[in-house]
Amino acid sequence: MSDFRPQSDFLSVLTERGYIHQCSDLAGIDARAKAGTLTTYIGFDCTASSLHVGSLVQIMMLRWLQTTGAGKPIPLMGGGTTRVGDPSGRDESRKLLSLEDIEANKAGIKQVFTNFLTFGDGPKDAYMTDNAEWLTALNYIDFLRDVGRHFSVNRMLSMDSVKMRLERDQELSFIEFNYMCLQAYDFVALNRRYGCVLQMGGSDQWGNIVTGIDLGRRMGTEQLYALTSPLLTTASGAKMGKTAAGAVWLNADMRSPYDYWQFWRNTEDADVGRFLKLFTELPMDEIRRLEALQGAEINEVKKILANEATAMVHGRAASEAAAETARKTFEEGVLADSLPTVEVSAAEFDAGIGVLTAFVKAGLVASTGEARRQIKGGGLRLNDAAVSDERANLQASDLTGDGVVKLSLGKKKHVLLRRS
């Protein structure tokens, strides 16, 4: 790939910003992108009511596809495949969800894409569809005869998602074994319905995607293509989008704009430049200037990253409000009303809430055990005073004049617990 020089704006952006890990045919994709005919999809299973930061690279790739005019982006909701469960990258089976849960999750996930893509009826406008439309209509015998005959069990057993389970003597159910067949068929169905020729995804999806290309060849589609992005970890090796308090969700009702802003503000120094390239649309010349800064100036760059990444998901006004809340909290020591707030009924508060439970309820720690460890390390504060007694309960005297208690994890994460 180092010798390849893209002619399209789309592949030029993806190459320069570090989005590409594997590709089936760079020249073929480049030609379609330059011609503006690169209809592309990425699938998103409905396993939760929001996507999290771990999906953001793929969402940004669809956004760049549209903003560079390369083609039509198709975010595919996995209303059908979620009923099966993707075994890729997992040591155990996913919990099978009810149809009602899948539909509710799908509705939450859809909200994310309106912030990144322009939907409509134009040739380059995004179109959202759901693979339940064709997968649930399949007749099993017909599917085995018309589609299943093109799959080699020998090759399926060689896939990483299958091989990993078998090598570790961990059960792989028959329903999961069929997942790659359904994903491959999605590619064929999308090509036949919408002229889709490219599937993108994380690098753990490479085997599934190229299986779709092979199925398309056997079933008579035009040439199909694959492009994957690297699976991201932070400089310290942590999985992207995961924190001690849980996943960094993209929907505001699951993670407030302020908390989302703080996540990016707390980026490790070594990751700032890479994240500016992947998660913002700042010009590359500006990014190169910013990532060259050192010392105390890197903290200002982190604020720029937080501002831009938060504006992308929650809008510029919410990003600016989060930045102002952080400034008041950290620079002026003011108890800002716009800090994340968790409501607790007066009856529950007056009955006595243990300090460990309070920090879990506030979402600052994942468990009471984690709260105990933070207390031993001096990491938890109540109204800016270090918590030393893990058996203590919140008292009426802890409430400020506004009826809130300020809970803090370290110096940067704060939540107000409000008695209501």
Side-chain angles (χ1 to χ4, degrees), residues 5-21 33 40 42 51-71 73 112-118 124 126 200 202 227 229-235 240-241 248 250 252 255 257-327 330 412:
R5 296 292 180 265
Q7 300 300 306
S8 67
D9 290 341
F10 175 60
L11 274 196
S12 295
V13 167
L14 262 57
T15 301
E16 188 172 28
R17 289 179 176 261
Y19 286 101
I20 300 177
H21 179 66
T40 301
I42 300 179
L51 299 175
H52 58 68
V53 166
S55 299
L56 202 50
V57 167
Q58 281 72 54
I59 297 172
M60 288 295 295
M61 290 166 77
L62 287 179
R63 181 177 173 88
W64 281 116
L65 177 86
Q66 187 170 56
T67 57
T68 59
V112 173
F113 288 95
T114 58
N115 298 315
F116 290 89
L117 301 174
T118 300
K124 304 293 178 64
M200 300 191 296
L227 191 155
S229 61
L231 292 182
L232 287 186
T233 58
T234 64
M240 186 64 187
V248 183
L250 301 181
R255 192 178 187 93
Y258 173 81
D259 282 339
Y260 191 78
W261 190 95
Q262 281 294 337
F263 168 77
W264 295 105
R265 169 63 181 83
N266 294 332
T267 294
E268 297 175 44
D269 291 2
D271 288 326
V272 173
R274 182 166 57 124
F275 288 179
L276 283 169
K277 295 172 187 173
L278 293 173
F279 303 117
T280 80
E281 292 180 321
L282 291 175
M284 284 299 298
D285 288 345
E286 176 67 2
I287 291 175
R288 281 187 279 267
R289 183 188 71 81
L290 292 172
E291 67 180 342
L293 298 176
Q294 302 292 327
E297 290 179 310
I298 196 70
N299 288 323
E300 296 305 311
V301 179
K302 291 179 183 181
K303 292 177 185 177
I304 293 172
L305 169 62
N307 291 343
E308 296 301 315
T310 304
M312 192 83 71
V313 174
H314 297 293
R316 185 64 63 181
S319 176
E320 291 175 353
E324 179 62 11
T325 296
R327 188 188 67 79
F330 304 127
K412 297 178 179 179

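Shortest non-hydrogen contact noted between A326 and Q262 is CB-NE2, 3.7 Å. Contact record, M61 with S229: SD-CB, 3.8 Å, taken as the closest heavy-atom pair. Between M60 and L278, the shortest heavy-atom contact is CG-O, 3.6 Å. Of all heavy-atom pairs between S319 and A311, the closest is CB-N, 3.6 Å. Of all heavy-atom pairs between P257 and A318, the closest is CB-CB, 4.1 Å.
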* Can you check salt bridge (Lys or Arg N to Asp or Glu O under 4.0 Å) on E297 and R289, steps first, answer last? -> CA-CA 12 Å; E297 290 179 310; R289 183 188 71 81; over 6 Å; no
* Given side chain to side chain contact (heavy atoms under 4.5 Å, CB included), test L14 with W64 step by step and report yes or no. => CA-CA 8 Å; L14 262 57; W64 281 116; 4.1 Å; yes
* To do: Might you work through the side chain to side chain contact (heavy atoms under 4.5 Å, CB included) test for V57 and M240, ending with a clear yes or no?
  => CA-CA 10 Å; V57 167; M240 186 64 187; over 6 Å; no
* Output, in order, the C-alpha distance, side-chain angles, deciding distance and verdict of side chain to side chain contact (heavy atoms under 4.5 Å, CB included) for T40 and L227. => CA-CA 10 Å; T40 301; L227 191 155; over 6 Å; no
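Side-chain contact between L290 and V272: absent, with no pair of heavy atoms (C-beta onward) separated by less than 4.5 Å. Using a 4.5 Å cut-off on side-chain heavy atoms (C-beta onward), F279 and V313 make no contact. With contacts defined as side-chain heavy-atom distances shorter than 4.5 Å, the pair M284/K277 qualifies. Using a 4.5 Å heavy-atom threshold, the side chains of L250 and R255 count as separate.
Counting only distance, with no hydrogens or angles, the side chain of K302 and the backbone of T267 share a donor-acceptor pair below 3.5 Å. With hydrogens and angles disregarded, a donor-acceptor distance shorter than 3.5 Å links the side chain of R63 to the backbone of F116.
Once rounded to the nearest 0.5 Å, the distance linking CZ of F263 with OG1 of T310 reads 10.5 Å. Between atom CD of residue E268 and atom CZ of residue R274 there is a gap of 9.0 Å, rounded to the nearest 0.5 Å.
Between Y260 and H314, the ring planes are perpendicular. Angles over 60° get that label, and only those under 30° would be called parallel.
A salt bridge does not link K303 to E308: none of the charged side-chain nitrogens sits closer than 4.0 Å to a carboxylate oxygen.
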